[in-house]
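Structure, as structure tokens:
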Amino acid sequence: MESIVQDIKNGNIECFKMIYQQYHTKLYFYVLKCTHSAYLSEETVQLSFILLWEKREKLSTDYNISAQLFRIAKSVMTDLLRKQQVRNRHTEIMVRETPDWHMETDLTVKEELTRVYNSIEQLSPIRRNVFKLSRFEGLPHKEIAKQLSISPKTVENHIVRAIRQLKDSLLLLLPAIFAWLC
């Protein structure tokens, strides 16, 4: 037990892969049981293993890898659920603050906003993070690169690909938007 934790702390990628294989499914179903969301389960598992590797030096040899991994997953899951609640609140506020049109129009706006948010959330974690830092936080490419320890060119590539991916997914909305405008 202690040796596995120490191996991961030392950067043993083979040991990490073994832990991934052993716990991936268990973590997925643990989160699925708590959230009833396949999307949140997948995100939580991926982010948990990323954090396990990135923060491996901070692992404690006093606890087994299972306990530490599930603690990371619980923390990640809680964070994702909080973010989802905030997103839902923002959507509700945006819908509430729209002018008083017909009830049908309000529902259409809410549906479209939800689709936009969902499209953004479907981006890969790193691409979504880069896109939000650029578009929502207004950070320049160099600052994002510094914050995420990636090159400015990589930031640019993520933004270009995110926009392309969003355009592709949102193009499906155009008929609904045109129908709404007419």
Side-chain angles (χ1 to χ4, degrees), residues 1-91 114-137 139 141-159 161-162 165-166 169:
M1 165 175 73
E2 187 176 307
S3 128
I4 291 173
V5 173
Q6 192 59 52
D7 286 347
I8 291 175
K9 282 181 77 159
N10 293 338
N12 183 332
I13 192 72
E14 292 305 316
C15 187
F16 178 78
K17 287 178 183 177
M18 180 189 74
I19 294 302
Y20 180 85
Q21 291 299 321
Q22 186 177 353
Y23 288 101
H24 178 271
T25 304
K26 292 175 187 176
L27 271 179
Y28 177 85
F29 284 109
Y30 164 74
V31 177
L32 185 62
K33 183 179 176 184
C34 295
T35 65
H36 306 289
S37 167
Y39 172 74
L40 284 175
S41 299
E42 290 171 16
E43 283 292 301
T44 299
V45 170
Q46 292 304 317
L47 291 173
S48 296
F49 279 103
I50 289 169
L51 281 173
L52 177 69
W53 185 253
E54 287 178 349
K55 309 283 186 192
R56 65 186 177 274
E57 294 88 14
K58 295 180 181 179
L59 291 173
S60 171
T61 54
D62 296 336
Y63 301 98
N64 65 33
I65 195 67
S66 175
Q68 295 182 78
L69 184 56
F70 276 83
R71 185 175 52 213
I72 291 169
K74 186 175 181 181
S75 174
V76 168
M77 176 180 60
T78 302
D79 188 46
L80 289 174
L81 287 170
R82 277 191 198 118
K83 287 178 182 176
Q84 186 177 37
Q85 285 178 330
V86 168
R87 242 186 342 271
N88 291 344
R89 275 197 302 264
H90 286 297
T91 302
T114 301
R115 287 188 185 139
V116 170
Y117 280 118
N118 287 341
S119 294
I120 292 169
E121 291 305 314
Q122 293 304 315
L123 297 171
S124 69
I126 184 72
R127 188 164 293 157
R128 179 176 57 242
N129 194 16
V130 168
F131 181 80
K132 285 180 175 181
L133 289 172
S134 171
R135 296 307 192 250
F136 298 160
E137 305 283 327
L139 295 178
H141 292 186
K142 286 183 181 179
E143 179 62 31
I144 296 169
K146 182 179 172 187
Q147 204 173 48
L148 299 177
S149 301
I150 57 178
S151 74
K153 186 67 177 170
T154 302
V155 170
E156 184 179 331
N157 287 337
H158 277 301
I159 292 171
R161 289 183 176 149
Q165 194 175 339
L166 290 171
S169 67

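The shortest heavy-atom contact between P152 and A145 is N-CB, 3.6 Å.
With sequence neighbours left out, R135 forms a side-chain contact (heavy atoms from CB on, under 4.5 Å) with F131, I159, I163. For N129, the side-chain contact (heavy atoms from CB on, under 4.5 Å) partners at least two apart in sequence or on another chain are L133, L148. Residues satisfying the side-chain hydrogen bond (donor to acceptor under 3.5 Å, both in side chains) criterion with T78, sequence neighbours excluded, are absent altogether. In this view, S60 satisfies the side-chain hydrogen bond (donor to acceptor under 3.5 Å, both in side chains) rule with no residue, not counting sequence neighbours. For K146, there are no side-chain hydrogen bond (donor to acceptor under 3.5 Å, both in side chains) partners, not counting sequence neighbours. By the salt bridge (charged side-chain N to carboxylate O under 4.0 Å, His left out) test, K153 is found to be paired with E156, residues two or more places apart in sequence or in another chain being considered.
Of the inter-residue distances, the one linking L51 atom CG with Q68 atom CD reads 13.0 Å to the nearest 0.5 angstrom. Taken from CD in Q84 to OG in S37, the straight-line distance is 6.5 Å, to the nearest 0.5 Å. Once rounded to the nearest 0.5 Å, the distance linking CD1 of I65 with CD1 of I4 reads 8.0 Å. Atom-to-atom distance recorded for L52:CG and I8:CD1 is 5.5 Å, nearest 0.5 angstrom. We find the CG-NE2 distance between N157 and H141 to be 10.0 Å, quoted to the nearest 0.5 Å. In this structure, H158 NE2 and I150 CD1 are separated by 5.0 Å, a value rounded to the nearest 0.5 Å.
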Report, one line per pair, each donor and acceptor closer than 3.5 Å where one atom sits in a side chain of residues 9-16; sequence neighbours left out.
| from | atom 1 | to | atom 2 | distance (Å) |
| --- | --- | --- | --- | --- |
| K9 | NZ | L59 | O | 3.0 |
| N10 | OD1 | Q6 | NE2 | 3.2 |
| N10 | ND2 | Q6 | O | 3.2 |
| N12 | OD1 | E14 | N | 3.0 |
| N12 | OD1 | C15 | N | 3.0 |

Please tabulate, one pair per line, all N/O donor-acceptor pairs under 3.5 Å involving side-chain atoms of residues 21-31, not counting sequence neighbours.
| from | atom 1 | to | atom 2 | distance (Å) |
| --- | --- | --- | --- | --- |
| H24 | NE2 | Y20 | OH | 3.3 |

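By the 4.5 Å heavy-atom criterion applied to side chains, Y63 and V5 are not counted as neighbours. No side-chain heavy atom of Q46 sits less than 4.5 Å from a side-chain heavy atom of P125. The shortest side-chain heavy-atom distance between L69 and F49 falls under the 4.5 Å cut-off. Residues S134 and I144 are in side-chain contact: their nearest non-hydrogen atoms beyond the backbone lie under 4.5 Å apart.
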For this session: Kindly indicate, with the supporting measurements, whether the criterion side-chain contact (heavy atoms from CB on, under 4.5 Å) is fulfilled by I120 and F136.
Result: CA-CA 12 Å; I120 292 169; F136 298 160; 3.7 Å; yes
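Applying the salt bridge (Lys or Arg N to Asp or Glu O under 4.0 Å) test to every pair with at least one member in residues 70-84, sequence neighbours left out, gives these pairs: D79-K83. Here salt bridge (Lys or Arg N to Asp or Glu O under 4.0 Å) pairs that include residues 32-43, with residues two or more places apart or in two chains, are E43-R128.
A donor-acceptor distance shorter than 3.5 angstrom exists from the side chain of S48 to the backbone of T44, with no hydrogens or angles considered.
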